[in-house]
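Only a predicted model underlies this, so the values are computations on that prediction, with no experimental measurement involved. Note on naming: letters A, B, ... go to the chains in the order of the sequence lines (proteins, then strands), and numbering restarts at 1 for each one.
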2 protein chains.
Amino acid sequence: MVDIAIRRVAEPKVVPAADELSFGKLFTDHMFVMDYQTEKGWYDPRIVPCEEFAMHPSAMVLHYGQAIFDGLKAFQTSAEDKDIVLFRPNDYLNRFNRSARIMSIPEMDVAVVKQGLFELIELDKRWVPGKLGTSLYIRPFVVATDPYLGVKVSDTFKMFIILSPVGAYYAKGFNPVNIKVEDKYIRTVRDCLGEAKTPANYAASLKAQIVAKEEGFDQVLWLDAVERKYVEEVGTMNILFKIKGEVITPPLAGSILDGITRRTVIQLVKDWGVPVTERPIAIDEVFAAHDAGELEEIFGSGTAAVISPVGELSWKGRKIVINNNETGELAQKLFDHVTGIQYGTVPDKFGWVEKVAKL
Amino acid sequence: MVDIAIRRVAEPKVVPAADELSFGKLFTDHMFVMDYQTEKGWYDPRIVPCEEFAMHPSAMVLHYGQAIFDGLKAFQTSAEDKDIVLFRPNDYLNRFNRSARIMSIPEMDVAVVKQGLFELIELDKRWVPGKLGTSLYIRPFVVATDPYLGVKVSDTFKMFIILSPVGAYYAKGFNPVNIKVEDKYIRTVRDCLGEAKTPANYAASLKAQIVAKEEGFDQVLWLDAVERKYVEEVGTMNILFKIKGEVITPPLAGSILDGITRRTVIQLVKDWGVPVTERPIAIDEVFAAHDAGELEEIFGSGTAAVISPVGELSWKGRKIVINNNETGELAQKLFDHVTGIQYGTVPDKFGWVEKVAKL
């Protein structure tokens with residue numbers, strides 16, 4: 001345990017009603033901050049009001065993008081005693097450090113970050129919304145702050161955790177998404193930054209996303225950069241296919257994110273006796289499976305939506321409809337099960353949930 | 001002409017001596033700033049003290065990297081009347097807008113940015129160093145500022161121009177660099193962001209750069225992401241080869257930067273009657289040319305160094321020495337000619353130089 005100084009806001013904000021929440025626009029009263037200097041290591045972990053901070057215009061993150069982030073959630077359980085729990089916090093924080101290694105950012109002590117997160121949530125717990133489907137989104141991130149215009153690894157960094165109460169992703173029930181297989185733009189390539197949660201990968205996704213939206217699609221499915229045929233991932237989700245009773249998902253081969261929800265899904269599905277294979281899957285294999293009547297479901301997995309069924313998939317002008325544009329049985333079961341664990345209504349067989357505070 | 005409000009520093013800083021300057025660590029008294037909102041367009045161009053600014057921790061640039069920059073230089077001419085000139089400012093500012101388009105950032109009115117730059121330099125002209133080889137480095141950049149955690153194009157941006165007096169790159173004469181052909185890491189891929197000056201590309205270069213430095217190399221030469229054989233560019237420079245009297249450089253095919261110094265070199269070399277070809281060049285072709293005694297010179301071109309001769313090139317453990325590890329004739333001639341134009345001692349045949357101010 002380290003000492004974490006707390007400076008409270010002078011005037012706490014009004015917490016909005018749970019059904020007025022959207023995603024990522026509203027922040028709680030406080031944030032966790034920690035600094036890094038090469039000579040000192042990470043130092044001065046503290047909780048301060050969540051507000052603007054001062055940055056030099058030459059700060060390296062603004063020019064050379066040395067930065068990482070992650071995203072996890074806290075939930076208010078449905079139990080009468082109203083616990084606040086985190087879902088797989090160690091896995092998210094270890095992934096955060098893995099992104100740090102890829103981006104040449106000094107690793108953090110997970111115990112310190114976790115302690116900071118727990119104290120921050122305890123302090124701001126009135127912000128954790130109580131309605132089913134809502135949650136407190138947690139965004140840890142690190143940015144390079146050297147005021148220097150040369151291209152190099154920064155000697156100073158700033159680490160933050162900010163909190164945002166978010167509304168139910170599926171307020172009106174599942175809405176299967178309409179996805180475009182991207183055949184022009186590329187998100188990343190193997191041996192580049194694809195495995196890291198770093199701004200670069202999201203910057204690279206913007207143009208394709210704009211074009212797809214204009215064409216009426218919800219999101220894009222990326223193909224690999226080299227052969228332009230193997231499926232990679234969707235905007236902010238990993239992707240899974242159910243073909244002839246088997247779940248198939250692209251392997252962690254260096255260009256896709258190692259999704260914690262992807263891991264959760266794979267473990268659950270295996271536990272249920274459904275065969276799961278992580279292997280390269282070509283987009284024409286998906287279309288061929290559809291034509292043969294063997295493509296049963298497609299769904300995405302991610303922290304924001306948990307499970308997102310894919311209703312339509314378009315590639316080079318050809319559109320296929322999956323499972324009648326309805327949520328498949330497995331997608332529904334996974335969503336119910338994972339959210340059930342998160343809200344405390346389904347037994348937490350794998351020990352994924354950690355209690356943070358009591359309301 | 002627009003109205004550009006000026007707020008001056010209370011206490012101007014002391015300008016360091018020209019021989020105490022390095023690169024990108026020191027900034028002048030003022031900076032140019034402009035804001036953008038979707039409803040208003042770019043507005044409020046102004047000159048203010050160059051100092052820290054306030055940013056919300058959820059500002060989109062810190063999370064999703066929507067940002068661009070460029071880099072150009074102002075010089076104090078060697079003439080008795082001490083003009084301050086810019087080298088190809090329109091080309092740099094048009095490229096800046098091209099990066100904006102690639103990154104889905106709203107384009108700027110080049111006339112307004114240029115006016116802002118001219119007024120800023122006029123105000124801070126005592127910072128333009130006078131010694132041969134020194135210059136005022138100019139860094140225009142744009143960052144996305146929406147306080148929002150969703151992945152989308154920002155609705156607000158901030159544009160800056162900051163100025164940094166820089167020392168002579170070759171204070172003790174040319175020092176040919178020792179370059180590693182990178183065969184593990186990838187910088188970018190065609191149809192991604194490689195053509196833009198955007199933080200993502202520089203973030204992707206850090207790891208390889210660290211490893212190469214540890215191995216004793218100065219910089220890395222990137223290979224293409226798909227076939228891993230075609231030469232792309234060096235860290236912060238384009239690359240050119242002189243083989244059997246012909247200059248060969250990789251084409252602008254989507255994954256390399258359209259260097260202004262590259263353009264300058266190509267135009268000059270053509271003007272001198274030396275054949276220049278922009279075409280894919282495989283790394284084994286370079287090594288084969290060396291073995292056949294036909295590889296005469298390798299040099300990089302970039303705004304910082306102008307011309308950087310390559311003395312040694314290593315690929316998969318094999319090292320070749322180019323031109324006896326000495327600066328080649330063409331590299332020297334190009335360096336002398338380009339810097340001569342910049343400092344006003346060589347006639348500016350192509351109209352590249354623009355006068356900004358008088359000292």
Side-chain angles (χ1 to χ4, degrees), chain A residues 22-25 27 31 33 50-59 61-67 69 71 102-104 137 139 141 143 147-153 160 162 164 184-193 198-207 209-210 225-227 235-236, chain B residues 22-25 27 31 33 50-59 61-67 69 71 102-104 137 139 141 143 147-153 160 162 164 184-193 198-207 209-210 225-227 235-236:
Chain A
S22 58
F23 178 83
K25 289 189 170 158
F27 300 91
M31 62 184 179
V33 186
C50 180
E51 60 193 11
E52 292 190 330
F53 69 106
M55 183 171 244
H56 196 270
S58 66
V61 62
L62 306 179
H63 302 266
Y64 307 127
Q66 197 184 11
F69 69 90
I102 298 174
M103 297 308 297
S104 309
Y137 182 80
R139 169 60 58 97
F141 67 103
V143 297
Y148 177 54
L149 294 182
V151 182
K152 65 152 191 106
V153 170
F160 297 82
I162 55 177
S164 174
K184 179 162 187 255
Y185 298 107
I186 292 291
R187 171 184 169 270
T188 187
V189 59
R190 212 173 287 184
D191 301 313
C192 193
L193 308 178
T198 186
N201 295 327
Y202 298 81
S205 76
L206 286 176
K207 181 68 96 182
Q209 189 64 31
I210 293 168
V226 176
E227 301 197 53
T236 55
Chain B
S22 58
F23 178 83
K25 288 190 170 156
F27 299 91
M31 63 183 178
V33 185
C50 181
E51 61 194 11
E52 292 189 330
F53 69 105
M55 184 170 243
H56 195 271
S58 66
V61 63
L62 305 179
H63 302 266
Y64 307 125
Q66 197 184 11
F69 69 90
I102 296 173
M103 298 308 297
S104 309
Y137 182 79
R139 170 60 57 98
F141 66 103
V143 296
Y148 177 54
L149 295 182
V151 181
K152 65 152 191 106
V153 170
F160 297 83
I162 55 177
S164 174
K184 179 162 186 257
Y185 298 107
I186 292 290
R187 172 184 169 269
T188 186
V189 59
R190 211 173 286 184
D191 301 313
C192 193
L193 307 178
T198 186
N201 295 326
Y202 298 81
S205 76
L206 286 175
K207 183 66 96 182
Q209 188 64 30
I210 293 168
V226 176
E227 302 196 52
T236 55

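- Both the backbone and the side chain of Val153(A) come within contact range of chain B, with heavy atoms under 4.5 Å apart.
- Contacts with chain B were tallied for Ala200(A), Gly150(A), Cys50(A); Ala200(A) has the most, counting heavy-atom pairs under 4.5 Å.
- Comparing Val33(A), Thr188(A), Val151(A) by heavy-atom pairs within less than 4.5 Å of chain B, the highest count is held by Val151(A).
- Remark: Lys152(B) NZ is packed, more than 12 non-hydrogen atoms of other residues, nucleotides or ligands lying under 6.0 Å away.
- Proximity to chain B is limited to the backbone of Glu51(A), based on heavy atoms less than 4.5 angstrom apart.
- Only the side chain of Ala67(A) comes within less than 4.5 Å of a heavy atom in chain B; its backbone stays farther off.
- Both the backbone and the side chain of Tyr185(B) come within contact range of chain A, judged by heavy atoms closer than 4.5 Å.
- Heavy-atom distances place no part of Ser22(A) under 4.5 Å from chain B, backbone and side chain included.
- With chain A as the partner, the residue from Met31(B), Lys207(B), Lys184(B), Glu227(B) showing the most heavy-atom pairs under 4.5 Å is Lys207(B).
- Proximity to chain A (any heavy atom under 4.5 Å) is shown, for Phe53(B), by both the backbone and the side chain.
- Only the side chain of Thr236(B) comes within contact range of chain A, judged by heavy atoms closer than 4.5 Å.
- With a threshold of 4.5 angstrom between heavy atoms, Tyr64(A) approaches chain B through its backbone and through its side chain.
- With chain A as partner, the option from Met55(B), Arg190(B), Gln209(B), Gln66(B) having the largest number of non-hydrogen pairs under 4.5 angstrom is Met55(B).
- Most heavy-atom pairs under 4.5 Å with chain B, from the set Tyr137(A), Tyr148(A), Tyr202(A): that is Tyr148(A).
- Using a 4.5 Å cut-off between heavy atoms, Ile210(A) touches chain B through its side chain atoms alone.
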